[in-house]
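Read through the structure below, which is laid out as structure tokens, and then see the notes.
Keep in mind that what you see is a predicted model, and the values were worked out from it rather than measured.
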Amino acid sequence: MTEPIINDLREFLEILRREGELAVIEEPVDPYLEIAEIHRRVIARQGPALLFTKVKGSAFPVVTNLFGTSRRMELAFGRRPLRFVAELVEMIETMLPPSLEKLWARRGLLRQAAAIGLKTGRKGAILANRQSPARLSELPMLTSWASDGGPFVTLPLVYTEDPGGRGHNLGMYRIQRYDDTTTGIHWQIHKGGGYHYHEAEKLGQALPLTLFIGGPPALMMAAIAPLPENIPELLLASLILGKKLPLVKDPLGGHPLVAGAEFAAKGVVPPHLRRPEGPFGDHYGYNSLTHDYPVFQVERLYHRDKAIYPATVVGRPKQEDFYIGDFLQELLSPLFPLVMSGVRQLKTFGEAGFHCLAAARVTDRYPREAFASGLRIMGEGQLSLTKFLIITDGDLDVADFPRLWRHVLERINWRTDLFVFANVSQDTLDYTGPSVNSGSKALMMGLGREAKRQLPEEFNQAPPHGCRAARAFLPGTLVLEGSSYEADRELPARLAADPALADWPVVLLVDSVAAATKSLQEFIWTFFTRFEPAADIYGATSATVRRFHVGLTPPVVFDCRMKPWYPPVLEVDPATRALVDGKMAKILPNFGE
């Protein structure tokens, strides 16, 4: 069966409508807080995509939750791009030496490859309307949390080109609207658009920028994909789309426009100009703080007739980015062994915001080959932002966290197999380190066929002194609820030295056992978003340094309590909760609470 090619947002919405995956909401709604809270309630219950037709302050309808279930991801992309990448990797691995017979056997794949690319014309739906100067206040940008610094574009597709002519970048960097013609542009470290701006700024030049909103789902996926530098995202969009990506020339010059986009804002980012951006409720589940970022000066705005504004809501996992991330990992996973020799499987965990936790299954054919593979992962593109990496050579699916964690704890040598790298860069949104963009990383290995120990699974004693509650959540892992960090900073060190805990390889110190062990999702989120490796890991005795390596003796305590410098956990403000409580039955009468 031939899978359909989805050329733009309209075609995707029609598919969702036919499949019963789209709810049309005709009640008036406000893009300030209200739409986001409706979205959060619906996605938490695996509900449909939401098309809001009457949005306060804007003539444009808003659609959210486009990709909030595995089924909608399947409807958007099917299996075609997954098969293509898998077959391409297989061809690369088996083609040498090339022959006519081998090429003929792959003729279907080669035909698909020939369809990948860009096609530029002079006509496109995006050119139907032009505002110059732009009126960004007419766009129904969402304010998702009461603590947000303003309205944001939450599905921005930011296009830039290298000033030296070395390719383009399409990335999803959040955009905060300041007024009709200016926005912030949140270029984080290790991101391609930020590199382009850095090069332009060194030359004293403004960097041209085009902000697309909407378009084919393939374009949105390409913008999010963690591709290595200098691999063009527009070509990935074409691959996912299944045909050449249609572009159209801008009659006023500059970057070409994606013909099927809903909106396109064009302008420049001047050198050496900064403005405060944020705060913003981010995908880690916390409120990222205000910092100075470059400014996008918008010169003109294009949009289609009857344009539809797509948005998402960013917040505590699981949100839409969880499903998007899983699709992209499945799409790109066959490439990992080619790019990183020895890596057989790689998983980043959306439950912890992706960058906080990753795991890999690797080969270990010679002593410490697994360590070399770990370093390779931690030095590859956006994977270099990984804070905690778990490595194993076991024959298991590393995406199965309980099985992976048990397997590693049964095999780890705490004196040689935990590596902490201090004084390195850390993801901009991770505030566990001593300052923004600074912190530490850890590499934890559990290798070998045979288990070294049997893990305890029950804890039948009273909680240790300074703790109020205890629960064994996973084998070998004891979760303790203790005094706050401000009240007792030395508690994790005392727990590590407590003989009653000596049989437990890992102890997690948290503010609430009930919250941290409510589910596997909450356990992973609490564990890996609330500690910094160099500051918050403790061993039973004073750490030993042998051959410049720090070794630990169990129990190894992870201090996952909230610290005074952490931003607050995202919570819905009472007024918005009450507002939506009173309207939910009318907005979605068939969607029970």
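- Remark: the Tyr195 side chain and the Asp162 side chain contain no N/O donor-acceptor pair separated by less than 3.5 Å.
- In this view, Tyr197 and Trp187 satisfy the ring-ring contact (aromatic ring centres under 6.0 Å, His included) rule, not counting sequence neighbours.
- A cation-pi arrangement is not found for Lys54 relative to Phe52, the charged atom failing to lie both closer than 6.0 Å to the ring centre and inside a 45° cone about the ring normal.
- Applying the side chain to side chain donor-acceptor pair (under 3.5 Å) test to Arg72 and every residue at least two apart in sequence or in another chain returns Glu21, Asn65.
- Under the side-chain contact (heavy atoms from CB on, under 4.5 Å) rule, Ile224 has a single partner from Asp321, Leu170, Ile324, which is Ile324.
- For Phe322, there are no ring-ring contact (aromatic ring centres under 6.0 Å, His included) partners at least two apart in sequence or on another chain.
- Using cut-offs of 30° and 60° on the angle between ring planes, the pair Trp405 and Phe401 is parallel.
- Using a 4.0 Å cut-off between charged side-chain N and carboxylate O, Arg40 and Glu37 make a salt bridge.
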Inset, instruction - Apply side chain to side chain donor-acceptor pair (under 3.5 Å) to Arg530 and Tyr286, showing your working. - result: CA-CA 11 Å; Arg530 294 193 187 174; Tyr286 303 91; 2.9 Å; yes

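- For Asp8 and Arg304, the salt-bridge test passes: some basic side-chain N is under 4.0 Å from an acidic carboxylate O.
- Gln329 and Thr348 share a side-chain donor-acceptor pair at under 3.5 Å.
- Ring pair Tyr566/Tyr431: centre-to-centre distance not below 6.0 Å.
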Review item, side-chain donor-acceptor pairs of residues 146-158, under 3.5 Å, at least two apart:
residue	atom	partner	partner atom	Å
Ser147	OG	Asn287	OD1	3.3
Ser147	OG	Asn287	ND2	3.1
Asp148	OD1	Gly281	N	2.9
Asp148	OD2	Ser144	N	3.3
Asp148	OD2	Trp145	N	3.3
Thr154	OG1	Thr312	N	3.0
Thr154	OG1	Thr312	O	2.7

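- Under the ring-ring contact (aromatic ring centres under 6.0 Å, His included) criterion, His355 pairs with no residue at all, not counting sequence neighbours.
- With sequence neighbours excluded, the residues forming a side chain to side chain donor-acceptor pair (under 3.5 Å) with Tyr284 are Asp427, listed by chain and number.
- Using modelled atom types and a 3.5 Å distance limit, the side chains of His186 and Glu277 yield a donor-acceptor pair.
- Between Tyr323 and Phe327, a ring centre-to-centre spacing not shorter than 6.0 Å is recorded.
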